[in-house]
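Labels below follow one simple rule: chain letters A, B, ... track the order of the sequence lines, proteins then strands, and each chain is numbered from 1. Because the structure is predicted, anything quoted here is derived from the model rather than measured.
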There are 2 protein chains.
Amino acid sequence: MSEAEQPGAEPSVPDRRAVRRAAKIATIVEEAWALSRADGLAGISLRDLADRVDLRQPSLYAYFDSKLALYDAMFADGNRQLLAYTADLTPTGNPEQDLTEFVSRIVRFSSDDVERHQLLFQRTIPGFEPSPESYAIAIEFLNRGAALLQAAGVSRAEDVDLFTALCAGLTHQQVANDPGGDRWVAQARRVVTMFLTEVRQQPRE
Amino acid sequence: MSEAEQPGAEPSVPDRRAVRRAAKIATIVEEAWALSRADGLAGISLRDLADRVDLRQPSLYAYFDSKLALYDAMFADGNRQLLAYTADLTPTGNPEQDLTEFVSRIVRFSSDDVERHQLLFQRTIPGFEPSPESYAIAIEFLNRGAALLQAAGVSRAEDVDLFTALCAGLTHQQVANDPGGDRWVAQARRVVTMFLTEVRQQPRE
DNA sequence: GTCTATACATCGATAGAC
DNA sequence: GTCTATCGATGTATAGAC
């Protein structure tokens, strides 16, 4: 916890400042999620948020240019959480098994936090569009799914479209009708099997 | 346009008033949809809405107790539109064909109006929950779908859950990634065939 | 960076006159 | 039912001290 500078360690000072700043931003985003769970995603008040992080409302502008910029940071954060949520998945050599686990995770992830799901997968905040930097994280996740599909021999655009619709459908129903439960999570394997059977039955192109 | 009362036609006056009132409410709801298409569902301003229907903002409260009550009227209206959109579907005796047409209609309906889809199928407005009366209309539509499934020999809860997820997935992807288009509408038949094949392959209970 | 103080426009909602 | 007037809260933004 020493605040003393090491001689010759000059660059460490701005680094420490950057670390502190990043930590504060992380705290703000975390509290913003907490607020959204209480008042809805669109119901976040910047004054309430400032209270939670021991700041005055104008001081939030030292970290975010606008409320939409806060949503953008939350969007990036949520997508990073999604990547982390599926990070330990290692291919077993059985594509059907891998896809099933992948789908289960996605549905569970959405079910775990409805507001997060709303921000990541629904366009609900008027005027909000993710920045290219934040969107890149979302693309990274999509690529991970595409790689799994590729390993299962799925690459045609219509087949990929079908798969994304299946994932979206399971998550949507899970979130809307059984949040926190597993009524649709439980159908992940069935859906993947059904999907692969359908795709493999199509004539090769 | 006579305002004179007919002798002995006393009950017709409150009736006419009720009709006028209902017509005004219908106009307000219609303009609310138009506004939501421009500014987003959550972006509706009661002042803008009042302007569109030649009222001052507080006068809207003669028709709706709150903004949430307006959303409730829109929810009921949207579900009535959905019922009307599928009203001319008559069973052909071919359940697969009937289900396909049903799914196509649902997806197209959602694709036609993203904000309407958002209000009907997503929980996006903080604090909004449909009233029992409005929700009953939604249930009526669900029952229509359940009847079609029954005709196709589908009645198990897991199978119905799977079907609703398939519908939700197609509509979600269509709305999110190709609004107004038909990229996922075009997969309706494929999805229904895939679904019925899967369901009929399960052991009878 | 953070604060106090303040400003502005907009919002949903209410009171009370007519 | 409709109006005018007004309220409190909000998002947004800035000035200026420390």
Residues B:Arg189 and B:Gln97: side-chain donor-acceptor under 3.5 angstrom: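 Yes, side-chain donor-acceptor contact under 3.5 Å.
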
Can you see whether B:Asn177 engages B:Trp184 through a side-chain donor-acceptor pair at a distance of less than 3.5 angstrom?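 No - no donor-acceptor pair under 3.5 Å links their side chains.
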
Quickly work out the [X] [atom1] to [N] [atom2] distance and round it to whole Å.
| X | N | atom1 | atom2 | value |
| --- | --- | --- | --- | --- |
| A:Lys24 | C:dG1 | NZ | P | 12 Å |
| B:Leu46 | D:dT10 | CG | C1' | 15 Å |
| B:Leu35 | C:dG12 | CG | C1' | 15 Å |
| A:Gln57 | C:dA7 | CD | P | 15 Å |
| A:Asp48 | D:dG8 | CG | P | 18 Å |
| A:Arg17 | C:dT2 | CZ | P | 12 Å |
| A:Asp54 | C:dG1 | CG | P | 18 Å |
| A:Leu60 | D:dT14 | CG | C1' | 16 Å |

Could you tell me whether A:Asp113 and A:Arg37 make a salt bridge, using a distance below 4.0 angstrom between a side-chain N and a carboxylate O?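 Salt bridge flag = yes for A:Arg37 with A:Asp113.
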
Among C:dA5, D:dT4, C:dG12, the nucleotide that comes nearest once only the side chain of B:Tyr61 is considered: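 In terms of side-chain proximity for B:Tyr61, the closest of C:dA5, D:dT4, C:dG12 is C:dG12.
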
Taking the minimum atom-to-atom distance to the side chain of B:Lys67, which one of D:dG11, C:dA13, D:dT2 wins?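 That would be C:dA13.
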
Just checking A:Ile44: base, sugar-phosphate only, or nothing, at a heavy-atom cut-off of under 4.0 Å?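 It contacts sugar-phosphate atoms only.
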
Aromatic rings A:Tyr135 and A:Phe75: how do their planes relate, parallel, tilted or perpendicular, breaks at 30° and 60°?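 Correct class here is parallel.
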
Ignoring hydrogens and angles, does a donor from either the side chain of A:Arg21 or the base of C:dG1 sit under 3.5 Å from an acceptor on the other?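 A donor-acceptor contact between them is absent.
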
Answer yes or no: does a side-chain N or O of [X] lie under 4.0 Å from OP1 or OP2 of [N]?
| X | N | value |
| --- | --- | --- |
| A:Ser59 | C:dC3 | yes |
| A:Ser45 | D:dG11 | yes |
| A:Arg56 | C:dT4 | yes |
| B:Tyr63 | D:dT2 | yes |

Within 45 degrees of the ring normal and closer than 6.0 Å to the centroid, is that where the cationic atom of A:Arg116 sits relative to A:Phe109?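 A:Arg116 over A:Phe109 ring: yes.
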
